[in-house]
Amino acid sequence: MDCLFCKIIEGKIASSKVYDDKNVFAFKDISPQAPIHYLFVPKNHISSLAQFTDDTMPVMEEIFAAIRNVTKQEGHDKSGFRIAINTGQHGCQTVHHLHVHLLAGKQLGGNFSGL
């Protein structure tokens, strides 16, 4: 499989890691849309949220737990943050490995384009 995020998870492509556990990996986005822009991904390849099954659904709990841990550790739980999941062509998903964007560090506008 020729997946950019799988290569990042495997360490074949360098990234700025912010979180790593058994099932979830998070790293800084290379084209940040906010001062804090992290991507949280499942370590097992899942193409998109549309590909979820009952068997893979628990990984979302783990991703959201990781986001909670990172936002609390960095203080974004107090100032606020946004999470977004782009799915498919109309959702502007450009890398076909499920990923959750975490944006923080400034007052965010209402425009969701560019995520």
Interatomic distance, N86 atom CG to T94 atom OG1 [nearest 0.5 angstrom] | 7.5 Å
Find out whether Q33 and L108 are in side-chain contact, i.e. whether some heavy atom of one side chain is under 4.5 Å from a heavy atom of the other.
-> no
F81 and I63: same hydrophobic cluster, using ILVMFWY side-chain contacts below 4.5 Å?
-> yes
Within a reach of under 6.0 Å around CG of N23, are more than 12 heavy atoms found that belong to other residues, nucleotides or ligands?
-> yes
Transitive ILVMFWY side-chain link Y19 to I8, under 4.5 Å = no
Within one Ile-Leu-Val-Met-Phe-Trp-Tyr cluster: I85 and V95, side-chain cutoff 4.5 Å = no
Run the side-chain contact (heavy atoms from CB on, under 4.5 Å) check on V70 and F40 step by step: do they pass?
-> CA-CA 10 Å; V70 169; F40 288 76; 4.0 Å; yes
Here the pair of heavy atoms bringing A34 nearest to L103 is CB-CD2, 3.9 Å
Value for OG (S15) from CG (D29), rounded to nearest 0.5 Å, stands at 11.5 Å
Aromatic ring proximity, centroids under 6.0 angstrom, H99 and H101 | yes
Side-chain contact test, heavy atoms from C-beta onward, threshold under 4.5 Å: evaluate it for R68 versus F64 and give yes or no.
-> no
Rounded to the nearest 0.5 Å, what's the gap from NE2 on H96 to CG on D2? Could you check?
-> 12.5 Å
Looking at C6 and H45, what are the two nearest heavy atoms and their distance?
-> SG-ND1, 3.4 Å
Aromatic ring proximity F27/F5, centre distance under 6.0 Å | yes
CA sep, side-chain torsions, deciding dist, call: Q93, L49, side-chain contact (heavy atoms from CB on, under 4.5 Å) = CA-CA 10 Å; Q93 182 179 4; L49 191 59; over 6 Å; no
Please report the shortest heavy-atom distance between T53 and T56, naming the atom on each side.
-> N-OG1, 2.9 Å
For Q51, does the CD atom sit with more than 12 other heavy atoms under 6.0 Å from it, leaving out its own atoms?
-> yes
For A104 and G80, which heavy atoms make the closest approach, and how far apart are they?
-> CB-O, 3.9 Å
Okay, side chain of T71, backbone of I67: is any donor-acceptor separation there less than 3.5 Å?
-> yes
Can you tell me how far the CD1 atom of I30 sits from the CG atom of L4, to the nearest 0.5 Å?
-> 7.5 Å
Rounded to the nearest 0.5 angstrom, the CZ-NE2 distance for R82 and H76 is 14.5 Å
Is the closest basic N to carboxylate O distance between D20 and K43 below 4.0 Å?
-> yes
When rounded to the nearest 0.5 angstrom, what is the spacing between CD1 in I46 and SG in C3?
-> 11.5 Å
H97 (side chain) donor-acceptor with P42 (main chain) under 3.5 angstrom | yes
Does M57 share a hydrophobic cluster with V24, counting links as ILVMFWY side-chain heavy atoms below 4.5 Å and allowing steps through other members?
-> yes
Tell me yes or no: between the side chains of Y38 and E74, is some donor less than 3.5 Å from an acceptor?
-> yes
ILVMFWY cluster, V59 and I9 together (side-chain gap under 4.5 Å) | no
